[in-house]
Trainee: 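I have a structure I would like to understand better, so I am pasting it below and will then ask my questions one at a time.
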Amino acid sequence: MLTNAPRGTKDMLPSEAHKWHYIEEAYRVHCARYGFKEMRTPVFEHTELFTRGVGDTTDIVQKEMYTWTQADRSLTLRPEGTSPVVRAFVEHKLYAEPQPSKFYYDIPCFRYEKPQSGRLREFHQVGAEVFGTNNMMADSDVIALAYDFINQLGIKDIELQINSIGCPVCRENYKDALRNFLKPVYEQLCDTCKDRYERNPMRILDCKSPVDQELIKGAPTMLEYLCEECETAFTDLKKNLDAMEIQYVVNPGIVRGLDYYTKTAFEFITTSIGAQGTVCGGGRYDHLSEELGGPPIPGVGFGMGKERLLLLMEANGIKIPEPEGADAFIAVMGDAAKEFGLKLMGILRREGFAVEMDCMARNLKGQFKYADRLAVRNTIIIGEDELKAGVVAIRNMKQSEQRMVPFDQIVEALKK
RNA sequence: GUGGAUGUAGUCAAGUGGUUAAGACAACGGGUUGUGGCUCCGUCAUGCGUGGGUUCGAAUCCCAUCAUCCACCCCA
């Protein structure tokens with residue numbers, strides 16, 4: 001037990017670190033290009049932020065939150081990224097800045113779920129949010145950010161699916177219509193769908209049961225029930241995406257699982273990483289701020305799972321560059337040489353070189369073997385003879401070429 | 001929460017009741033005291049996830065338990 005990480009968590013080992021650095025750095029640079037600024041919020045928040053924001057009937061709030069009480073305050077490890085950013089935005093009155101506000105983040109999130117491929121209890125996501133405008137320019141901006149990022153990484157087999165889930169008014173009308181449609185066949189629905197019928201009937205639309213898929217045929221879609229405002233918004237969004245040449249398909253089955261979503265809903269979906277194929281999901285949330293007791297501030301954003309992103313890059317055969325070996329390894333023979341080597345290592349490191357020495361008192365052959373394993377570019381050899389002559393031997397490990405270099409020219413020699 | 005699969009060294013793995021648990025890779029040491037990647041030699045599980053049980057005898061059979069993986073649900 002003591003030597004096992006808790007279920008659903010993963011250690012990030014040095015052999016994997018460069019992959020994470022790669023996508024994190026790519027995301028930072030990408031967001032800067034689109035005018036998004038980083039926001040960092042605490043790992044935990046007051047529990048109520050999520051019960052109110054995400055919605056207290058959702059699975060996330062009902063059974064997936066890590067919650068504890070300390071000093072009479074109920075606190076929760078954040079299960080998602082949007083509510084905290086909205087909270088911070090309101091708390092620091094950032095609406096006083098030029099609008100809209102555009103944020104990105106790169107965070108761990110926590111949900112108590114049963115782990116499977118692409119789903120962990122501690123998972124990591126990058127995301128982005130735009131606050132302060134109803135205009136579909138914001139929605140298309142956010143979608144473009146995700147779309148271009150995914151493309152830029154070289155990912156191919158993924159599809160952007162969009163939908164509108166309307167505002168609270170037209171959505172309720174639609175849910176009623178959907179229930180009316182399904183009422184005659186209620187008894188034939190699968191057990192989970194019977195459960196969904198009251199709680200979240202829109203979920204029935206993408207049920208995997210073939211029986212249910214038959215029953216659903218001909219059901220009304222959300223898009224037929226949009227009010228004028230939502231209808232116009234969805235049309236605007238599609239126009240913007242078309243203008244930006246972003247490929248998408250409209251899927252009326254896209255339903256977001258968090259209560260705060262309104263109008264725009266979208267997902268980037270793949271079939272090549274197992275059952276958890278939603279790599280990125282997001283949408284608009286026009287009433288979240290008010291729900292949290294803040295001023296009315298519309299917003300739109302997405303979250304993108306880094307673990308899923310890496311799985312997909314792997315599945316697509318995308319090679320992430322391996323880190324390079326050190327510039328130099330200093331191999332020494334004898335105590336005097338070791339002392340000189342230590343001094344030289346300090347000098348070279350201060351010059352900005354990556355330099356290593358053996359820490360296991362290996363003989364020369366062992367030191368070479370080790371240097372080879374580390375894939376260093378050069379090995380600097382120091383022994384009695386070199387010390388006497390005031391030189392070191394520098395061996396280029398890739399080309400197996402070796403030459404003598406005077407002490408005062410070592411730095412120059414390594415720069416080549 | 002429900003269902004399915006799997007657990008033998010750092011990794012991949014042979015082994016399905018009978019003497020000291022194959023093999024490969026990795027790691028470490030060495031091939032006569034100053035040169036790596038190739039090659040050769042050596043070392044590396046009183047132990048088969050853990051705890052019980054059956055048996056003269058268990059990695060192999062039974063029970064329990066834990067862990068991992070996959071799927072449902074749900075979501076990133």
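Residue numbers begin at 1 in each chain, while the letters A, B, ... track the order of the sequences.
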Trainee: With distance as the sole criterion, is a donor-acceptor pair present between the side chains of A/E64 and A/Q62 under 3.5 Å?
Mentor: no

Trainee: Does B/C69 have OP1 or OP2 sitting under 4.0 Å from an N or O in the side chain of A/K10?
Mentor: yes

Trainee: Does B/G37 have OP1 or OP2 under 4.0 Å away from a side-chain N or O of A/K398?
Mentor: no

Trainee: Taking only side-chain N and O atoms of A/Q116, does any of them lie within less than 4.0 angstrom of OP1 or OP2 on B/A71?
Mentor: yes

Trainee: Considering only heavy atoms and no angle criterion, is a donor-acceptor pair shorter than 3.5 Å present between the side chain of A/Q367 and the base of B/U35?
Mentor: no

Trainee: Between atom CD1 in A/I382 and atom C1' in B/U35, what is the gap in whole Å?
Mentor: 14 Å

Trainee: Decide yes or no, distance alone: a donor-acceptor N/O pair under 3.5 angstrom between the base of B/A76 and the side-chain of A/E113.
Mentor: yes

Trainee: Atom CZ of A/R119 and atom P of B/C72: how far apart are they, to the nearest Å?
Mentor: 9 Å

Trainee: Is it the case that B/G1 (base atoms only) and A/E64 (side chain only) share a donor and an acceptor within less than 3.5 Å, ignoring hydrogens and angles?
Mentor: no

Trainee: Expressed as a whole number of angstroms, how long is the span from A/I204:CD1 to B/C73:P?
Mentor: 13 Å

Trainee: How far does CG of A/L153 sit from CG of A/L312, to the nearest 0.5 angstrom?
Mentor: 9.5 Å

Trainee: Provide, to the nearest angstrom, the distance between the CZ atom belonging to A/F110 and the C1' atom belonging to B/A76.
Mentor: 14 Å

Trainee: Looking at B/G36 and A/Y370: do their rings stack (centroid distance under 5.5 Å, interplanar angle under 30°)?
Mentor: no

Trainee: Just to confirm, is there a sub-4.0 Å distance from OP1 or OP2 of B/G36 to any side-chain nitrogen or oxygen of A/R362?
Mentor: no

Trainee: Take a 6.0 Å sphere around NE2 of A/H46 and say whether it holds more than 12 heavy atoms from other residues, nucleotides or ligands.
Mentor: no

Trainee: Could one point to a donor on the side chain of A/T379 or the base of B/G36 with an acceptor on the other under 3.5 Å away?
Mentor: no

Trainee: Are A/K365 and B/G36 close enough that a side-chain N or O sits under 4.0 Å from OP1 or OP2?
Mentor: yes

Trainee: Taking B/A5 as the reference, what is the distance to B/G42 when you measure between their C1' atoms (whole Å, please)?
Mentor: 40 Å

Trainee: Check the distance between B/A76's P and A/L310's CG and give it to me in whole angstrom.
Mentor: 18 Å

Trainee: Is there a donor on the side chain of A/R395 or the base of B/G36 sitting less than 3.5 Å from an acceptor on the other?
Mentor: yes

Trainee: State which of B/G36, B/C73, B/A71 makes the closest approach to the side chain of A/S117.
Mentor: B/A71

Trainee: With a cut-off of under 6.0 Å to the ring centre and 45° to the axis, is A/R78 in cation-pi contact with A/F44?
Mentor: no

Trainee: Centroid-to-centroid, A/Y248 to A/Y147, below 6.0 Å?
Mentor: no

Trainee: Is it the case that B/U2 (base atoms only) and A/K114 (side chain only) share a donor and an acceptor within less than 3.5 Å, ignoring hydrogens and angles?
Mentor: yes

Trainee: Nearest whole Å is fine: how far is B/C69 C1' from A/Q276 CD?
Mentor: 14 Å

Trainee: Check the distance between B/G36's C1' and A/I394's CD1 and give it to me in whole angstrom.
Mentor: 17 Å

Trainee: Side chain of A/L364 only, heavy atoms from C-beta on: which candidate in B/G34, B/C69, B/G30 is closest?
Mentor: B/G34

Trainee: Could a donor-acceptor pair under 3.5 angstrom be found where the side chain of A/D372 meets the base of B/G37?
Mentor: no

Trainee: Heavy atoms within less than 4.0 Å of RNA chain B: which residues of residues 312-338 of chain A have one? Give them sorted by number.
Mentor: A/M333

Trainee: Can you check the A/I150 CD1 to B/A76 C1' distance for me, whole Å?
Mentor: 11 Å

